[in-house]
Amino acid sequence: QVQVVESGGGLVQAGGSLRLSCTVSGFTFDRYDMGWFRQAPGKEREGLSCISRSGDKTAYVDSVKGRFTISRDNANDTLYLQMNSLKPEDTAMYYCAAAVGHGNWCFLIEEPYKYWGQGTQVTVSK
């Protein structure tokens with residue numbers, strides 16, 4: 001049974017940091033590209049960052065470049081998102097997702113992603 005579980009969300013003041021984790025089971029983690037997405041109230045879900053199955057390739061949406069860092073630990077089937085310099089506009093539900101890996105690249109769009117977690121809430125206060 002496939003499981004994708006995010007953790008690490010919470011309430012933080014603007015300028016603060018959080019580290020999200022995503023642990024998976026039920027599929028071979030190192031064969032999947034991984035991504036972080038978020039959805040704020042009243043907005044569509046957006047891709048934030050992704051990492052190739054090997055970890056060699058990463059990509060970020062412009063709004064988080066320089067502030068967020070994606071990483072993965074293939075030995076422990078875990079994905080991370082280090083979020084620094086958080087802003088109130090980062091408030092959203094954050095999701096982890098897995099896409100079958102096809103090469104040394106990854107995607108910031110939803111279509112390739114097969115497995116999704118339930119999300120973890122991040123709230124940034126002013």
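Here, residue 1 is the first one in the sequence, and each next residue gets the next number.
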- Tell me, do Ile51 and Leu79 make a side-chain contact under 4.5 Å, heavy atoms counted? yes
- So the salt bridge (Lys or Arg N to Asp or Glu O under 4.0 Å) pairs with at least one residue in residues 108-126 (sequence neighbours excluded) are Arg45-Glu110
- Message: Membership question, hydrophobic clusters at under 4.5 Å side-chain separation (ILVMFWY): are Val124 and Leu11 in the same one?
- Response: no
- Would you mind listing every disulfide bond (SG atoms under 2.5 Å apart) that reaches into residues 54-84, with sequence neighbours excluded? none
- Task: Check which hydrophobic residues are tied to Trp105 through side-chain heavy-atom contacts below 4.5 Å, counting indirect links as well, and list them.
- Result: Phe37, Met93, Tyr95, Phe107, Ile109, Tyr113, Trp116
- Message: Pair Gln121, Thr91 - check side-chain contact (heavy atoms from CB on, under 4.5 Å), show working.
- Response: CA-CA 8 Å; Gln121 178 68 38; Thr91 295; 4.0 Å; yes
- Message: Show me the pairs that pass salt bridge (Lys or Arg N to Asp or Glu O under 4.0 Å) and involve residues 13-32, at least two apart or across chains.
- Response: none
- What residues, two or more places apart in sequence or in another chain, satisfy ring-ring contact (aromatic ring centres under 6.0 Å, His included) together with Tyr32? Phe27, Tyr115
- Non-hydrogen atoms of Asp73 and Asn76 that approach each other most closely: OD2-ND2, 2.7 Å
- Task: Verify the distance criterion only: is there a donor paired with an acceptor across the side chains of Asp33 and Ser52 at less than 3.5 Å?
- Result: no
Could you go through residues 58-66 and list every donor-acceptor pair under 3.5 Å that involves a side-chain atom there, pairing it with any protein atom two or more places apart or in another chain?
| unit_1 | atom_1 | unit_2 | atom_2 | d |
| --- | --- | --- | --- | --- |
| Tyr60 | OH | Ile70 | N | 2.9 |
| Asp62 | OD1 | Lys65 | NZ | 3.1 |

- Message: Working note: Val5 + Cys22, criterion side-chain contact (heavy atoms from CB on, under 4.5 Å); need CA distance, chi angles, decisive distance, verdict.
- Response: CA-CA 5 Å; Val5 181; Cys22 171; over 6 Å; no
- Task: Working to the nearest 0.5 Å, report the span between OG of Ser7 and CG of Leu20.
- Result: 8.0 Å
Could you give the side-chain donor-acceptor pairs of residues 80-90 under 3.5 Å, partners two or more places apart or in another chain?
| unit_1 | atom_1 | unit_2 | atom_2 | d |
| --- | --- | --- | --- | --- |
| Gln82 | NE2 | Asn84 | OD1 | 2.9 |
| Asn84 | OD1 | Ser17 | OG | 2.9 |
| Asp90 | OD1 | Arg38 | NH1 | 2.8 |
| Asp90 | OD1 | Arg67 | NH2 | 3.0 |
| Asp90 | OD2 | Arg67 | NH1 | 2.8 |
| Asp90 | OD2 | Arg67 | NH2 | 3.4 |
| Asp90 | OD2 | Lys87 | N | 2.8 |

- Tell me, which pairs form a disulfide bond (SG atoms under 2.5 Å apart) where one or both residues lie in residues 42-74, sequence neighbours left out? Cys50-Cys106
- Query: Roughly how far, to the nearest 0.5 Å, is CZ of Phe29 from CG of Asn74?
  - Reply: 5.5 Å
- Message: So does Gln118 get a backbone contact from the side chain of Glu6, meaning a donor-acceptor N/O pair under 3.5 Å?
- Response: yes
